[in-house]
Amino acid sequence: MVTHQEIHDVVRCIPRGRVATYGQVAELAGIPGQARRIGYALSALPEDSPIPWQRVVNAKGEISLRSHAGAETLQFKLLRQEGIVFDKNKRIPLPRFQWRPRS
DNA sequence: ATTCTGACTTGGG
DNA sequence: CCCCAAGCCAGAA
C-alpha cells in the first residue's frame, strides 16, 4: 500500500525550477495510473509545507483547480519565482520544464 | 464494516 | 487540437 507519506516523499525530490505531472509522480511512487491519488495526497498538505507541492501540475502543463480558493494564484507566483515560464494560455511548456529523474 | 469523494490520466473518436 | 468514458484507491465520515 502506498500512503500519502510516500507520495510526499516523491514530491520532495522534484528540483527547484522543474515540474512533474501527477501521472509522473504516481509512477515514481509505484502506483501508475493512479494520478488522482496524488492530488488527494497533496490536498492534505498545509500551504506552508516544506514539501514543494507547487511543482506538481497536470498533464497539459496547467495548474489544476482545487477547493482552497486562491491557492492557484499562489502556485503561479511560486513557480514564477523559481524561473518557470508560462505561455500565453497560462500553460508551462513541459518539454522544457518537466523534471527528468536521473538525467 | 460500508460509502463517498477527489490538485488526474489515458485512449479513442 | 478538443471532448468523453472509464479506471483507480486511501482516507474521512
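Letters go in sequence order (proteins before strands), and every chain restarts at 1. Not measured: the values here are computed from a predicted model.
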Are A:Arg55 and A:Gln75 close enough that a side-chain donor and a side-chain acceptor fall under 3.5 Å? no
Starting at OH of A:Tyr22 and ending at C1' of B:dT9, how long is that distance when rounded to a whole Å? 12 Å
A:Asn58 side chain: which of C:dG11, B:dT9, C:dC1 is closest? B:dT9
Round to a whole Å and report the spacing from CD of A:Glu6 to P of C:dG11. 10 Å
Per atom distances to the A:Arg91 side chain, the nearest of C:dC2, C:dA10, B:dA7 is C:dC2
Within the structure shown, what part of the strands sits under 4.0 Å from A:Leu65 by heavy-atom distance: base, sugar-phosphate, or nothing? sugar-phosphate
Answer yes or no: is there a donor N or O on one side and an acceptor on the other, between the side chain of A:Asp87 and the main chain of A:Asn89, under 3.5 Å? yes
Could you tell me the separation between the CD1 atom of A:Ile31 and the C1' atom of B:dG6, rounded to a whole number of Å? 14 Å
Specify the separation, in whole Å, of atom CD of A:Glu27 and atom C1' of B:dT10. 12 Å
Give a yes or no answer on whether the side chain of A:Arg96 reaches the backbone of A:Ile84 with a donor-acceptor pair at less than 3.5 Å. no
How close or far is atom C1' of B:dC8 from atom CD1 of A:Ile63, stated in whole angstroms? 15 Å
Listed nucleotide nearest any side-chain atom of A:Ala35, set C:dC8, C:dA12, B:dC8: B:dC8
Taken to the nearest whole Å, NE2/A:His4 to P/B:dG6 is 13 Å
What is the distance from CD1 of A:Ile38 to C1' of C:dA10, rounded to the nearest Å? 11 Å
Quickly work out the A:Ile7 CD1 to B:dC8 P distance and round it to whole Å. 13 Å
Pairing of A:Arg18 and A:Glu82 as salt bridge, 4.0 angstrom limit: no
Candidates C:dG11, C:dC9, B:dA7 - which lies nearest the side chain of A:Met1: C:dG11
Toward the 5' end of DNA chain C, which comes first, A:Arg36 or A:Tyr40, by nearest nucleotide? A:Arg36
Categorize A:Val2 for me: base, sugar-phosphate, or nothing, with a 4.0 angstrom heavy-atom threshold over every strand shown. sugar-phosphate
Quick one: side chains of residues 5-12 of chain A, donor-acceptor pairs under 3.5 Å with protein atoms, not counting sequence neighbours, listed by atom name and distance.
from	atom 1	to	atom 2	distance (Å)
A:Gln5	NE2	A:Asp9	OD1	3.4
A:Glu6	OE2	A:Thr3	N	3.1
A:Glu6	OE2	A:Thr3	OG1	3.4
A:His8	ND1	A:His4	O	3.4
A:His8	NE2	A:Ala41	O	3.0
A:Asp9	OD1	A:Arg12	NH2	2.2

Of the candidates C:dA10, B:dA7, B:dC8, the side chain of A:Leu42 sits closest to B:dA7
Counting any heavy atom closer than 4.0 Å, what does A:His68 reach on the DNA or RNA strands: base, sugar-phosphate only, or nothing? nothing
Quick one: is B:dA7 close enough that its OP1 or OP2 comes under 4.0 Å of any side-chain N or O from A:Ser67? yes
Can you identify which nucleotide, out of B:dT9, C:dC2, B:dA7, has its nearest atom closest to the A:Thr21 side chain? B:dT9
